[in-house]
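The sequence lines fix the lettering, A, B, ..., with proteins before strands; numbering per chain opens at 1.
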Protein chains: 2
Amino acid sequence: MKTKAELPDCPVATTVSLIGSKWKLLILRNLLVRPWRFNELRKSLDGISQKVLTDSLRSMEEDGIITRTVYPEVPPRVEYALSDLGESMRPIIKSMETFGIDYKEQFEK
Amino acid sequence: MKTKAELPDCPVATTVSLIGSKWKLLILRNLLVRPWRFNELRKSLDGISQKVLTDSLRSMEEDGIITRTVYPEVPPRVEYALSDLGESMRPIIKSMETFGIDYKEQFEK
DNA sequence: CAGAATCCTTCCGGATACTG
DNA sequence: CAGTATCCGGAAGGATTCTG
């Protein structure tokens with residue numbers, strides 16, 4: 001869990017501390033499109049375990065990047081969506097996407 | 001070590017596989033300013049071990065992100081610099097920097 | 001100076017079982 | 001459906017020593 005005191009001086013390091021993990025970045029990539037349900041995310045993230053997905057979502061929620069909405073239905077429905085702060089991460093994912101496309105073009109030919 | 005066969009379909013996932021670790025992103029941040037020497041990098045990256053720095057630099061070199069130049073002097077001098085491919089990652093770090101600044105503004109007040 | 005080589009520890013993430 | 005609760009192995013990373 002992040003606290004103000006733990007925030008590194010360098011803004012790049014701060015960002016890394018929030019989304020410097022593989023799965024968080026891929027979750028973010030998904031949520032930038034639309035809100036997702038728990039099992040929906042799990043199926044789309046090939047290889048992720050349920051525990052890691054839960055931990056990642058909780059952590060991102062604590063950091064104010066995503067929101068978690070429980071709809072009191074049976075069976076329960078839980079939707080994960082981006083907060084305004086998470087939405088402001090769009091340029092990061094976009095620049096990663098652009099780079100990834102260029103990289104594959106260069107090395108797959 | 002990355003091979004073409006291991007490249008994920010999603011360009012974001014591809015990028016994550018290259019620089020999805022804390023230290024690689026911070027090394028990249030430094031090298032975007034100018035070339036750095038080994039011990040210079042080590043001192044600037046608070047808490048990194050020599051082994052992890054070596055491993056990270058080797059991995060980034062293999063992936064074509066950075067170059068390693070040995071100057072045959074005594075004592076030896078080794079300089080790490082960005083390749084063109086690494087340079088093309090600048091927008092990623094820039095967007096992370098921008099986000100980090102906004103984030104700290106929001107939570108430190 | 002810029003590492004290579006070891007050894008050792010931590011802890012992240014996977015697997016499994018259970019539940020409101 | 002969307003989790004919680006354990007248990008566990010392996011790989012990442014830290015500490016130390018040695019060297020061209």
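Looking at B:Thr67, its side chain never comes within 3.5 Å of a backbone N or O of B:Ser83 through a donor-acceptor pair. When atom types are taken as modelled, the side chain of A:Trp36 and the backbone of A:Asn30 share a donor-acceptor pair closer than 3.5 angstrom. Between the side chain of B:Trp23 and the backbone N or O of B:Ser21 there is no donor-acceptor pair closer than 3.5 Å. For B:Ser59 (side chain) and B:Ser56 (main-chain N/O), no donor-acceptor pair under 3.5 Å exists by modelled atom type.
In terms of phosphate contacts, B:Tyr80 brings a side-chain nitrogen or oxygen within less than 4.0 Å of OP1 or OP2 of C:dG3.
What separates CG of A:Leu53 from C1' of D:dA2 is a distance of 10 Å, to the nearest Å. Nucleotide C:dG3 holds its P atom 13 Å from the CZ atom of B:Arg77, rounded to whole Å. When rounded to the nearest whole Å, the span between CG of B:Leu57 and C1' of C:dG3 equals 11 Å. Per the geometry, CD belonging to B:Glu61 stands 13 Å off C1' belonging to C:dA2, to the nearest Å. Remark: P of D:dA2 and CG of A:Asp55 are 17 Å apart, rounded to the nearest angstrom.
With a 4.5 Å cut-off on side-chain heavy atoms, B:Lys22 and B:Ile48 do not count as touching.
Heavy-atom distances under 4.0 Å link DNA chain C to B:Arg37, B:Phe38, B:Asn39 of residues 36-46 of chain B, given in residue order.
Using a 4.0 Å cut-off between a side-chain N of Lys or Arg and a carboxylate O of Asp or Glu, B:Glu79 and B:Arg77 qualify as a salt bridge. Using a 4.0 Å cut-off between charged side-chain N and carboxylate O, A:Glu97 and A:Arg90 make no salt bridge.
Among C:dG14, D:dC1, C:dC1, the nucleotide with an atom closest to any side-chain atom of A:Val52 is C:dG14.
For B:Arg68, the side chain to side chain contact (heavy atoms under 4.5 Å, CB included) partners are B:Arg58, B:Glu61, B:Val70, B:Val78, B:Tyr80, not counting sequence neighbours.
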Produce the list of close N/O pairs, under 3.5 Å, pairing protein atoms with atoms of nucleotides 4-7 of chain C; give distances to one decimal.
{"residue": "C:dA4", "atom": "N7", "partner": "B:Gln50", "partner atom": "NE2", "Å": "3.4"}
{"residue": "C:dA4", "atom": "N6", "partner": "B:Gln50", "partner atom": "OE1", "Å": "3.2"}

